[in-house]
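Pasting a structure below so you can have a look.
Throughout, numbering of the chain's residues begins at 1 and tracks the sequence. In what follows, every heavy atom counts, from backbone to side chain, and hydrogens, waters and symmetry copies are set aside. Keep in mind it's a predicted model, so treat the numbers as computed, not measured.
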Amino acid sequence: MRITELLKTEGIELGVSVDSKEDAIDRLTGLMDKTGNLSDREEYKKGILAREEMSTTGIGGGIAIPHSKNAAVKKAGLAAMTVPDGVDYDSMDGEPTKVFFMIAAPAEGSDVHLEALARLSTILMDPAFLDKLINASTKEEFLKYIDEKETAKFPEEAKEDKAEPDVREEKKDGFRVLAVTACPTGIAHTFMAAEALENKAKEMGIALKAETNGSGGAKNVLTKEEIEHCDGIIVAADKNVEMARFDGKQVLQTKVADGIHKPEELIKTILDEKAPVYHHSGAAEGDTANEEGEGIGRTIYKHLMNGVSHMLPFVIGGGILIALAFLFDNQAIDPNNFGKNTELAAVLKTIGEQAFGFMLPVLAGFIAMSIADRPGLAVGFVGGALANAGYTFGNVMNFAEAKPVSSGFLGALLAGFLAGYIVVLLKKIFNKLPNALEGLKPILLYPVCGILVMGVVMIAINPIMGAINTGLNNFLSSMSGTSSILLGAVLGGMMSVDMGGPFNKAAYVFGTAQLTVANAGPEQYAIMAAVMAGGMVPPLAIALCTTFFKNRFSESERKSGIVNYVMGLSFITEGAIPFAAGDPIHILPPCIIGSAAAGALSMAFKCGLPAPHGGLFVIGVVTNPLMYLVAVAVGAVIGMLIMSVTRKPLNK
C-alpha cells in the first residue's frame, strides 16, 4: 500500500507553528479527524498518548511518526504536518522535530500501521528529501514529492500502478465473485471445486475467478485490485489459506466439497449479500485467520490437514524410494541388511529413509504453523522431532537403563497442536511488551521460549504417548483371522466414503502412520496394503461399469470412464468424484462395498505394502502381489455389478 493512497490533502497541513509535543499531537489528531477516518477523535487521541507513554515516536533526524491501532479508527489513513521551526517532541536524538506523519489503523485488520511505519522509515531517511517536504509550498507539491520518492524506492510497484486503471476497470466488470479452493493434498478436490464454481457462474451469467491452492502451490492468484472491486469471496477450503487480504470484504467460508456440490448456492449467497463480512484480527494476536464462525471439529480438522498436506510429499517420495530399494535388492545376500545389499538399493534406501524421516517433524510443524502462523513452525518441527526420537527425562539425564520411547505418529500429532497453542499463548504474553521490541519476537522470543517449553513438554509426555503407541501396535500385531479381515474391510470402505474427504484421509493417514513404526513388519504393511486396495476400487469400478454397461451412462461419462482406468491403477481415488458428485445415491454405496471387499481380501490373503502410494507401479514390492491384484479386481467387479443394478438404463 503506497503512502499516497493513505494520505489525502484534507489530512495535510504545512508551515505550522506549535509550542509543544501535546500541541503537535492535538493538531495532528484534528487533521486525522478531518479525513473522516475516525469515529471518535478523543478515543483515538488516548491511543496515541498511550503509545507515547511506552516510548517516544520521535525517531530522530527531525522526524516523528505517532501511531495507534485503535477501535476509534474506521479506516486506515495518514495525516501529515510540517513545522519548519521545529518543536521539542522528546525525540531519540534530542533534536527538534520538523516533519510529522500520524498513522491510524483499525483495531481489527492487518497491521497497516506497521506497514506504513516501515515504508515511511525507508523514504524519510534521505535528508534532501526531508528538506523538500519541509519547504513544500502546497499540499499537492508535498504529495508529489512523496509519490516521486516512493516510485524511485519501489520501481516494480510503480510499473504495476501504471496499469492499475485498466486492470481495475476490467476486474470490476469482469469478476463480481472470487473464489479460493484448497484441499489437503491439492490433487483433485481443489481443481474440481474451482471448475464447478466457474462453470456454474458462467451458466448464471456471472464472471468468477477461482484461485487454486493445489499441490504445486497457488495458481491463478487473486490480485489486490480484483479483491478490492469484487462483491465477495468464496473460500472453499479444507486447509488454511491466506485470509488477511480479504479484510473488510464479504467472505463465505465453507468446505471444499461444497464448492463441488453446491456451487450455485455459494454464488447466490455472495450475490444476495448474505455472507458475513470478514475481519482479520491479525497473527500477532494469535488469530488463525480462518477459524471465525467454524466449529471446533472443523477447525481441528483443517489444522490437521494442513500438516498432512505438507507431510505427504515426504511420505510418498521417501516411501516409494524405500520400496524401490527392496525391489532392486537381493535378500539372499544378507537377509538382515535387506534393502541395502546392492549399491543401487543402498542409494535408494538411504535417500528414501532421509526423506521419510521428515514425516513427523513436518506434520507437527505445519499443524503448529496453521494454528499460530509462521512462529509456530520451528516449535512444532522440534516437537515432532522429539516425538520421533522418543527422548524422556530418564534418557536425556542418562539414568541407568533408560531408553528412548518413540511416541510416533500420535506423539507428533499431539506435538503439532501443543506447539501451535504454546505459541498462541506466548503471543498473548509478549503482546504486553513495548512495540520497540516487536522485531525481536519472531526471531528471538517465540523460537527460544517456544522450543524450550515444547521440548520440556514432549520429553515429559513421550513415555505416555509411547505407551499408547506401543499398545496400539501390539493390538494390531495380535489381530488375526476374522478381526484383521474386519479391519481391512473398514479401512477399505473408508477410502470410498468421501473419496478424498475426512474419512478417506483418516484411513490413509492411519495406513501411512503404520509405516513409521520402528521395525514395521507384516502387520503394519498389511494395513497399508488394505488402504491402497480400497482406494483403487472406486475409479476402477466406474471404469468397468462405463465399459460393460454403457447404457447406464451418457456419452461424456463413458469418455471420462476410460480415464478412470489410469486413475484407479495409479491409486488416485479422486477420479471417481465427478460420478459420485453427479449421482451419489447410485455410485457411492457400490464403491464403498467394493472397496470394503478389496480391503478385506487383501488382509485375508496376507498382502503387505511397504510403500504409501503408487498403485500398480509399486506392485513389485507388494507381498503376495498376484493375490493382491485379485483382491483389487474382485472389489472393482463387485462395485461394477452393484452399480449396474442401482443405475437404471438411460433409455428407460
Is there side-chain contact between Met102 and His67, with at least one heavy-atom pair below 4.5 Å?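 No, their side chains stay 4.5 Å or more apart.
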
For Gly376 versus Ala368, what's the shortest heavy-atom pair and its separation?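 Scanning both residues completely, I find the closest heavy atoms to be O-CB, 3.2 Å.
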
Sub-4.5 Å side-chain heavy-atom contact between Arg51 and Lys69: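 A side-chain contact under 4.5 Å is absent here.
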
Closest heavy-atom pair and its distance - Asn213, Ala182: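 Result for this residue pair: CB-CB, 3.6 Å.
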
Working to the nearest 0.5 Å, report the span between CD1 of Ile270 and CG of Leu178.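 If I round to the nearest 0.5 Å, the distance is 9.5 Å.
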
Side chain to side chain, Lys249 and Tyr278, heavy atoms closer than 4.5 Å: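 With C-beta onward as the side chain, the pair stays apart.
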
Side chains of Asp85 and Lys98, heavy atoms from C-beta outward: is any pair under 4.5 Å?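 Side-chain contact under 4.5 Å: no.
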
Can you tell me how far NZ of Lys132 sits from NZ of Lys149, rounded to the nearest 0.5 angstrom?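 Answer rounded to 0.5 Å: 8.0 Å.
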
Heavy-atom donor-acceptor pair, Glu150 side chain to Ile3 backbone, under 3.5 Å: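 A pair under 3.5 Å: yes.
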
List the atom of Val379, the atom of Tyr446, and the distance in Å for their closest heavy-atom pair.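 Heavy-atom minimum between the residues: CG2-O, 4.1 Å.
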
Over 12 foreign heavy atoms within 6.0 Å of NZ, Lys262: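 No, NZ of Lys262 has 12 or fewer neighbouring heavy atoms, counting only those of other groups under 6.0 Å.
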
Side-chain donor/acceptor of Thr56 to backbone N/O of Gly58, under 3.5 Å: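 Yes; judged by distance alone, with no hydrogens or angles, the pair exists.
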
Taking Ser91 for the side chain and Gly94 for the main chain, is one N or O donor matched with an acceptor at less than 3.5 Å?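 Checked: no pair found.
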
For the student: nearest non-hydrogen atoms of Met81 and Val16, plus distance: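 Residues Met81 and Val16, closest heavy atoms: CG-CG2, 3.7 Å.
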
Could you check whether any side-chain heavy atom of Asn306 comes within less than 4.5 Å of a side-chain heavy atom of Leu304, counting everything from C-beta outward?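 Asn306 does not reach Leu304 side chain to side chain.
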
Lys46 bridged to Asp40 by N-O distance under 4.0 Å: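 Answer for the salt bridge query: no.
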
Could you check if a side-chain atom of Leu252 sits within less than 4.5 angstrom of a side-chain atom of Val235, using non-hydrogen atoms only?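 The answer is no; the side chains never approach within 4.5 Å.
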
Starting at OG1 of Thr254, measure out to CD of Glu265 and round the result to the nearest 0.5 Å.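 Those atoms lie 8.0 Å apart.
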
How are the rings of Phe358 and Phe314 set relative to one another: parallel (under 30°), tilted (30 to 60°) or perpendicular (over 60°)?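 Correct class here is tilted.
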
So, taking the atom named NZ in Lys274 and the one named OG1 in Thr269, what distance separates them when rounded to the nearest 0.5 Å?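 It is 7.0 Å, given to the nearest 0.5 Å.
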
Under 3.5 Å: donor-acceptor pair, side chain of Glu95, backbone of Gly62: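 No, the answer is negative, given that no donor and acceptor are paired below the 3.5 Å cut-off.
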
So, do Phe381 and Phe366 have ring centers that fall under 6.0 Å from each other?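 That pair fails the under 6.0 Å test.
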
With sequence neighbours left out, what residues match Lys268 under side-chain hydrogen bond (donor to acceptor under 3.5 Å, both in side chains)?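 In terms of side-chain hydrogen bond (donor to acceptor under 3.5 Å, both in side chains), with neighbours along the sequence ignored, Lys268 is linked to Glu264.
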
Please check this pair: side chain of Asp33 against backbone of Arg41, looking for a donor-acceptor N/O pair closer than 3.5 Å.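 No, because the side chain of Asp33 does not come within donor-acceptor range (under 3.5 Å) of the backbone of Arg41.
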
If only side-chain N and O atoms count, and only distance matters, is there a donor-acceptor pair under 3.5 Å linking Thr181 with Thr212?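 No donor-acceptor contact under 3.5 Å links the two side chains.
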
Apply the test side chain to side chain contact (heavy atoms under 4.5 Å, CB included) to residues Phe101 and Ile63: give CA-CA distance (whole Å), side-chain angles for both, the deciding distance (0.1 Å), then the verdict. CA-CA 8 Å; Phe101 283 88; Ile63 306 162; 5.5 Å; no

Does Lys34 have more than 12 heavy atoms from other residues, nucleotides or ligands lying within 6.0 Å of its NZ?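 Counting other residues, nucleotides and ligands, NZ of Lys34 stays at 12 neighbours or fewer.
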
Report yes if some heavy atom in the side chain of Asp19 is under 4.5 Å from a heavy atom in the side chain of Val87; otherwise report no.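 A side-chain contact under 4.5 Å is absent here.
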
Identify the two heavy atoms, one from Leu197 and one from Ala179, that lie closest to each other, and give their separation to 0.1 Å.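 So the two residues come closest at CD1-CB, 3.9 Å.
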
Contact check, side chains of Thr223 and Ile227, non-hydrogen atoms, under 4.5 Å: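 No - every pair of side-chain heavy atoms lies 4.5 Å or more apart.
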
Consider only side-chain N and O atoms of Glu141 and Ser137, and report whether a donor and an acceptor are under 3.5 Å apart.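 Distance-only check passes for Glu141 and Ser137.
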
Could you check Thr29, Asp26, Asn70 and say which one makes a side-chain hydrogen bond (donor to acceptor under 3.5 Å, both in side chains) with Lys45?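 Among the candidates, only Asp26 passes.
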
Electrostatic pair Lys21:Asp88 at N-O distance under 4.0 angstrom: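 A salt bridge is absent here (no side-chain N lies under 4.0 Å from a carboxylate O).
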
Candidate pair Glu140 and Thr9, rule side-chain hydrogen bond (donor to acceptor under 3.5 Å, both in side chains), full reasoning: CA-CA 7 Å; Glu140 290 74 15; Thr9 54; 5.5 Å; no

Establish, for the pair Lys441 and Phe430, whether the NZ or CZ atom is under 6.0 angstrom from the six-membered ring centre and no further than 45 degrees off its axis.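 No, a cation-pi geometry is absent between Lys441 and Phe430.
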
Could you give the distance from CZ (Phe100) to CG (Leu133), rounded to the nearest 0.5 Å?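 Interatomic distance, Phe100 CZ to Leu133 CG, rounded to 0.5 Å: 13.5 Å.
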
Test side chain to side chain contact (heavy atoms under 4.5 Å, CB included) applied to Tyr89 and Glu52, step by step: CA-CA 10 Å; Tyr89 197 82; Glu52 293 296 324; 3.4 Å; yes

Electrostatic pair Glu203:Lys200 at N-O distance under 4.0 angstrom: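 Salt bridge between Glu203 and Lys200, a charged N being under 4.0 Å from a carboxylate O: yes.
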
Among Glu226, Glu211, Glu228, which residue meets the salt bridge (Lys or Arg N to Asp or Glu O under 4.0 Å) test with Arg245?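 When salt bridge (Lys or Arg N to Asp or Glu O under 4.0 Å) is applied between Arg245 and each of Glu226, Glu211, Glu228, only Glu211 qualifies.
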
Minimum heavy-atom distance between Ala71 and Ser39, given as atom pair plus value: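 Smallest heavy-atom distance, with atoms named: O-OG, 4.2 Å.
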
Within the distance-only criterion (no hydrogens, no angle test), does the side chain of Asn431 pair as donor or acceptor with the backbone N or O of Lys427 below 3.5 angstrom?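 Not a single qualifying donor-acceptor pair exists.
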
In Å, rounded to the nearest 0.5 Å, how long is the span from CG of Asn37 to CD of Glu10?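 It comes to 9.5 Å.
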
